Amino acid sequence: MSLQGHSGQLSSLSVTGTMPEAYVTLATNNGYAAGALVLAHSLRSCGTSKDLCIIITPAVSPDMKSLLEQVFNNVVTVDVLDSGDSAHLALMKRPELGVTFTKLHCWTLTQYTKCVFLDADMLAVQNADELFSHPELTAVCDIGWPDCFNSGMFVFIPSQDTYEKLIHMSETTGSFDGGDQGILNTFFPNWNRVSFIFNMVASATYTYLPAYKQFGGNAKLVHFLGATKPWHYRYDSSSGTVQTGPGYQHLAPYLNSWWAIYTRLVKPNVPEMDVQKAVEVKTPVETIQIAQQISGMHIGAESLQEGQARWERGEPDYLGRDSFANIQAYIDTKIKSNGK
Ligand code: UDP
Ligand code: GLC
Ligand code: MN
């Protein structure tokens with residue numbers, strides 16, 4: 001298989017920070033860049049002491065790039081790497097994920113001694129800096145196939161040598177899912193597992209609700225995995241809430257936090273036309289239907305009602321209440337200091 005876009009060279013590199021450790025994310029377009037801005041603010045609101053670095057590709061607009069430079073310590077532009085593997089990507093029903101091979105560029109960030117990669121569709125709700133004490137490759141079980149790790153979050157050590165080996169494997173063995181997660185799981189079979197709270201998938205209906213009620217409040221990093229992203233929901237700015245459908249109430253506190261940051265700190269500055277195109281508004285019902293279709297999930301009427309009843313009996317939004325207070329305090333400080 002040939003890998004599209006691998007030149008072996010970074011097309012440009014700008015380094016302004018000096019910290020040896022960093023959180024790294026990726027955006028190949030303005031939509032994901034908006035998600036990355038929310039993620040960066042959430043990491044800062046949780047008091048991280050690490051650098052924030054983003055890998056972008058030339059499709060991110062110049063206006064968006066300047067905005068990213070105000071929030072991230074480093075903005076690194078690379079060429080797109082695309083697996084072009086439509087057959088495997090079709091199995092995942094996510095044809096758009098070939099470009100996630102671009103993630104592999106993160107191993108070239110050798111100015112850092114250790115990094116934590118985070119997908120741009122993640123949100124920090126508590127400080128997760130303890131991840132930096134773990135070895136390469138540390139990650140969380142994938143919810144679809146728990147013997148694999150989910151590549152939305154992983155601890156890694158930048159190394160040109162590892163990068164070259166990963167590229168070689170991409171060109172020879174290929175990826176079993178057509179995206180980065182397949183290749184990374186093949187390359188790091190003996191990965192180190194940490195708790196689900198470091199990559200808590202918040203876009204699924206949990207089949208184990210009691211565990212979510214017991215442990216969900218410990219979440220540190222929340223991942224909006226799947227084709228429906230926070231920016232696809234409708235947000236009511238007067239009530240500060242996102243409408244979620246039945247069975248998805250557990251998402252509300254995290255979506256509300258995401259939107260609070262987006263509305264107050266990101267949206268006023270983003271280049272309107274580019275991001276509004278990417279931030280598609282759907283009704284909650286459409287959103288849920290799409291999420292179910294895409295994830296291939298069948299939610300039977302009984303379990304849906306049962307789930308809903310549980311949430312109605314309990315406190316649907318108690319999770320994340322403290323973390324929201326941190327986020328709100330951070331937003332207030334930012335607004336008072338005029339974004340500085
Ligand atoms: N990504 C990107 N552009 C794309 C698709 C993905 O920049 O067109 C990046 C982004 O950082 C994103 C990550 O790759 O969070 C993985 O994709 P996504 O989160 O959509 O996959 P999921 O977690 O839903 O499987
Ligand atoms: C998974 C991961 C995502 C990765 C994709 C492609 O769904 O959540 O981070 O990019 O697979 O392999
Ligand atoms: Mn993701």
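Because the structure is a prediction, the values reported are computed rather than measured. Start at 1 and go down the list; that is how both ligands and their atoms are numbered.
Using cut-offs of 30° and 60° on the angle between ring planes, the pair F156 and F154 is tilted. The aromatic rings of W231 and Y32 sit perpendicular to each other, their planes meeting at more than 60°, with 30° as the lower class boundary.
With salt bridges taken as basic N to acidic carboxylate O contacts below 4.0 Å, one links K50 and E21. The pair D332-R264 does not count as a salt bridge, with every side-chain nitrogen at least 4.0 angstrom from each carboxylate oxygen.
Listed for the S45 side chain is no donor-acceptor partner under 3.5 Å among the backbone atoms of I327. At least one donor-acceptor pair under 3.5 Å links the side chain of T333 to the backbone N or O of A329. A distance-only check finds no donor-acceptor pair linking the side chain of N73 to the backbone of C53 [under 3.5 Å]. Under the 3.5 Å distance criterion, the side-chain polar atoms of K103 are matched with a main-chain donor or acceptor of S151.
The line from SG of C115 to CG of L131 is 12.5 Å long, rounded to the nearest 0.5 Å.
By the criterion of a separation under 2.8 Å, the protein N/O/S atoms near the Mn ion (ligand 3) amount to D119 OD2, D121 OD1, D121 OD2, H223 NE2.
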Atom pairs and distances, ligand 2 N/O vs protein N/O under 3.5 Å:
unit_1   : atom_1 : unit_2 : atom_2 : d
ligand 2 : 8 (O)  : N150   : ND2    : 3.0
ligand 2 : 9 (O)  : K103   : NZ     : 2.9
ligand 2 : 9 (O)  : D119   : OD1    : 3.3
ligand 2 : 9 (O)  : D119   : OD2    : 2.8
ligand 2 : 10 (O) : K103   : NZ     : 3.4
ligand 2 : 10 (O) : D180   : OD1    : 2.5
ligand 2 : 12 (O) : D177   : OD2    : 3.0
ligand 2 : 12 (O) : D180   : N      : 3.3
ligand 2 : 12 (O) : Q181   : N      : 2.9

Between ligand 1 and the protein, give all atom pairs where both partners are nitrogen or oxygen and the distance is under 3.5 Å, as lines of names plus distance to 0.1 Å.
unit_1   : atom_1 : unit_2 : atom_2 : d
ligand 1 : 3 (N)  : T28    : OG1    : 2.7
ligand 1 : 7 (O)  : T28    : N      : 2.8
ligand 1 : 7 (O)  : T28    : OG1    : 3.4
ligand 1 : 11 (O) : L26    : O      : 2.7
ligand 1 : 11 (O) : A120   : N      : 3.2
ligand 1 : 15 (O) : A120   : N      : 3.0
ligand 1 : 15 (O) : D121   : OD1    : 3.3
ligand 1 : 19 (O) : D119   : OD2    : 3.2
ligand 1 : 19 (O) : D121   : OD1    : 3.3
ligand 1 : 19 (O) : D121   : OD2    : 2.9
ligand 1 : 19 (O) : K229   : NZ     : 3.4
ligand 1 : 20 (O) : Y32    : OH     : 2.6
ligand 1 : 20 (O) : R94    : NH2    : 3.1
ligand 1 : 20 (O) : K229   : NZ     : 3.4
ligand 1 : 23 (O) : D119   : OD2    : 3.3
ligand 1 : 23 (O) : H223   : NE2    : 3.1
ligand 1 : 24 (O) : R94    : NH1    : 3.2
ligand 1 : 24 (O) : R94    : NH2    : 3.4
ligand 1 : 24 (O) : G226   : N      : 2.8
ligand 1 : 24 (O) : G226   : O      : 3.4
ligand 1 : 24 (O) : K229   : NZ     : 2.7

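Aromatic pair Y212/F196: ring centres not closer than 6.0 Å.
The side chain to side chain donor-acceptor pair (under 3.5 Å) check on T138 picks up N192, with sequence neighbours excluded.
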Step by step, would you call D129 with Y23 a side-chain hydrogen bond (donor to acceptor under 3.5 Å, both in side chains)?
CA-CA 9 Å; D129 288 359; Y23 286 100; 2.7 Å; yes
I would like to know whether W107 and E136 meet side-chain hydrogen bond (donor to acceptor under 3.5 Å, both in side chains); could you show each step before the answer?
CA-CA 11 Å; W107 267 271; E136 176 173 86; 2.9 Å; yes
